[in-house]
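Report on the structure given below.
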Amino acid sequence: MFFAPGEPQRAAMLDLRTVAQNLPQVAERLSHRGPGIDLTPVGELANARRQLIQETEAARAQQKSESAQLGRLIKSDPPAAEKLRATLKGLSERVKAGDQELERLEGELTQLLLGIPNLPHGSVPVGGSAADNRLVRYGSAPKPQFAFAPLEHFELGEKLGILDFERGAKVSGARFTFSSGAGAKLERALISFMLDLHTSRGYRELLPPFLVSPDAMTGTGQLPKFAQDVFRTVALDEKGELKRELFLIPTAEVPVTNYHRQEILDGARLPLSYAAYSPCFRAEAGSYGKDTRGLIRQHQFQKVELVKFAAPETSYDELEKLTADACEVLERLKLHYRVMLLCTGDLGASSAKTYDLEVWLPGQDAYREISSCSNFEDYQARRAQIRYRPAPGEKPRLVHTLNGSGLAVGRTVVAILENYQEADGSVRIPEALQPYMGGMARIEP
RNA sequence: GGAGAGAUGGCCGAGUUGGUCGAAGGCGCCUGACUCGAAAUCAGGUAUACCCGGAAGGGUAUCGGGGGUUCGAAUCCCUCUCUCUCCGCCA
């Protein structure tokens with residue numbers, strides 16, 4: 001039913017039954033993401049699992065009813081009871097063996113399913129790389145013109161004394177930075193500005209834990225695929241052995257999406273919208289040599305994240321709204337940007353559809369991603385078991401989860417520095433932000 | 001960190017000499033009756049997942065998680081997690 005014509009938005013990922021019963025269709029749609037996904041083992045394992053369940057459950061049903069009979073026999077006919085007990089012993093062992101094998105099969109199957117990315121939505125353009133992403137629109141602010149050669153943000157930041165990359169490296173290593181003075185204040189102002197904007201537009205503010213359990217990381221799909229991209233923390237016991245492990249969140253998406261893990265939400269209250277500030281920690285494995293200078297790619301940065309839990313019928317409308325809410329930050333800051341629709345080849349593994357917001361950076365002479373807004377459909381919800389009851393008495397269904405940055409704070413600082421720079425090296429503060437800066441209108445050396 | 005108590009269905013709350021307990025009772029919710037309508041009252045229904053089946057329906061699992069004892073565990077044993085109370089420490 002998930003693949004009925006005209007209903008592509010219902011396409012679900014990771015649902016074993018759907019995948020197993022629609023192998024060719026699923027494989028076809030996954031092929032748009034690129035080669036290398038083989039579903040045959042999934043089909044084979046699914047069949048083996050089904051068969052084993054039937055056998056084991058039949059044996060268990062027999063065991064159960066005869067076991068009850070044994071209970072009665074013990075009182076009425078002890079010798080017969082002893083005889084039956086001996087038979088049941090054997091049956092019990094068969095059942096246990098079947099259970100073990102089933103557990104093994106299902107573990108293997110889960111590992112396979114975890115490795116399969118989400119199915120792209122029908123409206124996502126097919127393409128192999130970022131070059132095939134589709135331009136959706138530009139924001140209202142025009143591209144700024146400069147009568148001088150605009151500097152990159154790190155040059156400005158160092159000259160203004162508000163970004164200290166050297167000391168960041170001294171204390172923590174590469175890709176760590178101190179913001180100081182007006183720079184630190186600017187970050188704080190941006191966070192408040194963004195949260196105030198979003199909460200005034202219907203989001204509930206949430207300040208989440210910054211460390212999460214391995215379960216939470218799996219629920220949103222960070223594990224096991226991206227284990228190398230995250231920081232893991234451990235607590236040791238007296239003997240120096242692992243007592244507990246927690247992960248530094250790579251985005252507030254992780255704690256906030258897991259906020260409703262294993263819950264059945266009231267359908268009448270959907271969509272639920274949250275705006276969460278958090279620092280984000282990323283190991284950035286595999287990006288050596290990329291954006292080595294400046295704030296663009298740090299191991300730690302701050303972000304305000306928007307998260308929604310929506311009914312499947314409305315999730316794509318909510319994606320448009322969420323994207324517009326993220327855009328609104330750039331609109332108010334009067335920064336030039338464009339909205340891109342990611343193609344199948346550039347789409348994140350968990351996402352069914354993603355819009356990237358790319359802000360113009362005159363110092364780099366390039367558009368750079370400052371927000372990524374995605375609909376994950378029920379891909380995350382299935383793992384995290386987040387459901388909703390459409391109406392009282394009805395069956396629970398999986399919700400659709402969405403999220404997007406609103407926005408990445410560090411990159412917003414970059415955009416402000418580069419777009420609002422003056423010939424003398426000073427930087428104006430966008431009007432919308434001035435109330436949050438104690439009225440400051442300009443950062444000067 | 002030390003001492004103790006607890007974790008049962010949407011919620012509250014029985015059940016711990018192991019057997020027919022998916023689990024009494026209450027609340028909530030749904031359906032019907034009564035009513036012009038509502039409230040109150042009465043009757044019935046009311047978990048989730050998986051497997052078989054076209055369906056009706058049937059089967060299996062789940063009483064915080066995991067493991068064990070047993071023919072059989074919500075009930076016994078071990079372990080982990082979480083919550084609460086008291087003491088200590090601490091931003």
Side-chain angles (χ1 to χ4, degrees), chain A residues 1 4 12 14-21 42-43 45-110 113 207 209-219 234-239 241-247 255 258-270 272 378 381-399:
Chain A
M1 67 174 286
L14 272 186
D15 178 46
L16 176 58
R17 225 176 333 186
T18 306
V19 175
Q21 289 172 1
V42 175
L45 273 176
N47 281 334
R49 167 182 174 273
R50 215 154 34 83
Q51 210 167 350
L52 187 58
I53 286 177
Q54 286 172 35
E55 288 167 14
T56 310
E57 287 196 348
R60 202 196 309 276
Q62 188 191 348
Q63 179 196 27
K64 207 175 149 179
S65 75
E66 292 187 8
S67 211
Q69 198 194 340
L70 172 61
R72 289 187 295 267
L73 270 183
I74 283 173
K75 285 170 189 156
S76 60
D77 187 352
E82 283 317 305
K83 211 173 138 199
L84 182 56
R85 189 198 298 274
T87 343
L88 281 181
K89 176 87 177 160
L91 190 55
S92 167
E93 272 156 21
R94 275 219 333 262
V95 169
K96 271 179 193 163
D99 277 345
Q100 269 179 20
E101 175 64 7
L102 189 59
E103 201 176 318
R104 197 187 62 75
L105 273 181
E106 294 199 324
E108 216 173 303
L109 205 42
T110 303
L113 286 172
L207 183 63
F210 304 151
L211 290 165
V212 297
S213 69
D215 271 2
M217 292 290 279
T218 312
V234 296
L236 305 176
D237 63 13
E238 315 78 53
K239 293 173 201 146
E241 280 170 22
L242 181 68
K243 196 162 84 177
R244 190 171 187 191
E245 66 171 348
L246 290 169
F247 293 85
N258 280 285
Y259 184 65
H260 288 300
R261 186 147 61 105
Q262 288 178 349
E263 290 183 20
I264 298 176
L265 306 170
D266 176 3
R269 292 186 50 213
L270 297 182
L272 296 173
D378 59 12
R382 180 168 299 104
R383 295 248 63 226
Q385 279 300 296
I386 308 167
R387 293 172 292 176
Y388 74 105
R389 203 180 294 281
E394 286 189 41
K395 286 269 175 208
R397 297 171 64 195
L398 293 168
V399 299

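A note on names: the letters A, B, ... follow the listed sequences, proteins ahead of strands, and every chain is numbered from 1.
- Residues of residues 88-96 of chain A having a heavy atom closer than 4.0 Å to RNA chain B, listed by number: A:L88, A:K89, A:S92, A:K96.
- Across all strands shown, A:Q63 has heavy atoms under 4.0 Å from sugar-phosphate atoms exclusively, and none from any base.
- Contact footprint of chain A on RNA chain B: nucleotides with an atom under 4.0 Å from a non-hydrogen protein atom, first to last in 5' to 3' order, B:rG19 to B:rC82.
- Pairing for B:rU17 is absent, with no Watson-Crick or G-U wobble pair whose two atom distances lie under 3.5 Å.
- Nearest-nucleotide positions on RNA chain B place A:A58 closer to the 5' end than the other of A:A58 and A:R85.
- Nucleotide B:rC86 has B:rG2 as its partner under the Watson-Crick or G-U criteria, with both atom distances under 3.5 Å.
- The partner of B:rU48 is B:rA61, by the rule that a Watson-Crick or G-U pair needs both atom distances under 3.5 Å.
- Residue A:A68 is classed as having no contact, given no heavy-atom separation below 4.0 Å to the nucleic acid.
- Not counting sequence neighbours, A:E55 has no partner by the salt bridge (Lys or Arg N to Asp or Glu O under 4.0 Å) test.
- Rounded to whole Å, the C1' atom of B:rC50 lies 43 Å from the corresponding atom of B:rC34.
- Figure legend. B:rU70 is base-paired to no nucleotide; pairs are counted as Watson-Crick or G-U wobble with both atom distances under 3.5 Å.
- B:rC76 and B:rG15 have their C1' atoms separated by 16 Å, with the value rounded to a whole Å.
- Base-pair partner of B:rG37: not found among the strands shown (Watson-Crick or G-U wobble, both distances under 3.5 Å).
- Contact of the A:T56 side chain with the A:L102 side chain is not registered, since no non-hydrogen atoms from C-beta on lie closer than 4.5 Å.
- Residue pairs that meet the salt bridge (charged side-chain N to carboxylate O under 4.0 Å, His left out) test with at least one member in residues 80-94 of chain A, sequence neighbours left out, are A:E82-A:R85.
- Residues satisfying the salt bridge (Lys or Arg N to Asp or Glu O under 4.0 Å) test with A:R60, not counting sequence neighbours, are A:D99.
- Pair assignment for B:rU31: B:rA43, on the basis of Watson-Crick or G-U wobble contacts that are both within less than 3.5 Å.
- Nucleotides B:rU69 and B:rC21 have their P atoms positioned 26 Å apart, rounded to a whole Å.
- Residue order along RNA chain B, read from the 5' end via each residue's closest nucleotide, puts A:I74 first among A:I74 and A:Q100.
- B:rA24: no Watson-Crick or G-U partner with both key distances under 3.5 Å is found in any strand.
- Spacing between B:rC11 and B:rU85 at atom C1', rounded to whole Å, works out to 24 Å.
- A:Q100 CD: 12 or fewer foreign heavy atoms inside a 6.0 Å radius.
- Taking the side chain as every heavy atom from C-beta outward, A:R389 and A:R387 never approach each other to under 4.5 Å.
- With both ends at atom P, the span from B:rG88 to B:rU70 equals 47 Å, rounded to whole Å.
- Comparing the same atom, C1', in B:rA5 and in B:rU20 gives a spacing of 34 Å after rounding to whole Å.
- When heavy atoms are screened at a 4.0 angstrom cut-off, A:I53 is found touching the sugar-phosphate backbone but no base atom.
- Qualifying side chain to side chain donor-acceptor pair (under 3.5 Å) partners for A:E66, counting only residues two or more places apart in sequence or in other chains: A:Q62.
- Pair assignment for B:rU81: B:rA7, on the basis of Watson-Crick or G-U wobble contacts that are both within less than 3.5 Å.
- Side-chain contact between A:R383 and A:T110: present, with at least one pair of heavy atoms (C-beta onward) separated by less than 4.5 Å.
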Please table the atom pairs, donor to acceptor, closer than 3.5 Å between any side-chain atom in residues 45-52 of chain A and protein atoms at least two apart or in another chain.
{"from": "A:N47", "atom 1": "OD1", "to": "A:R50", "atom 2": "NH2", "distance (Å)": "2.9"}
{"from": "A:R49", "atom 1": "NE", "to": "A:E106", "atom 2": "OE2", "distance (Å)": "2.6"}
{"from": "A:R49", "atom 1": "NH2", "to": "A:E106", "atom 2": "OE2", "distance (Å)": "3.4"}

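- The side chain to side chain donor-acceptor pair (under 3.5 Å) check on A:E108 picks up A:R104, with sequence neighbours excluded.
- Contact annotation for A:R72: no contact, since no heavy-atom pair falls under 4.0 Å across all strands.
- In this structure, A:Q21 has no side chain to side chain donor-acceptor pair (under 3.5 Å) partners at least two apart in sequence or on a different chain.
- Of the C1' atoms belonging to B:rA33 and B:rA40, the separation is 14 Å, rounded to the nearest Å.
- To the nearest whole angstrom, the two P atoms, one in B:rG22 and one in B:rU75, are 13 Å apart.
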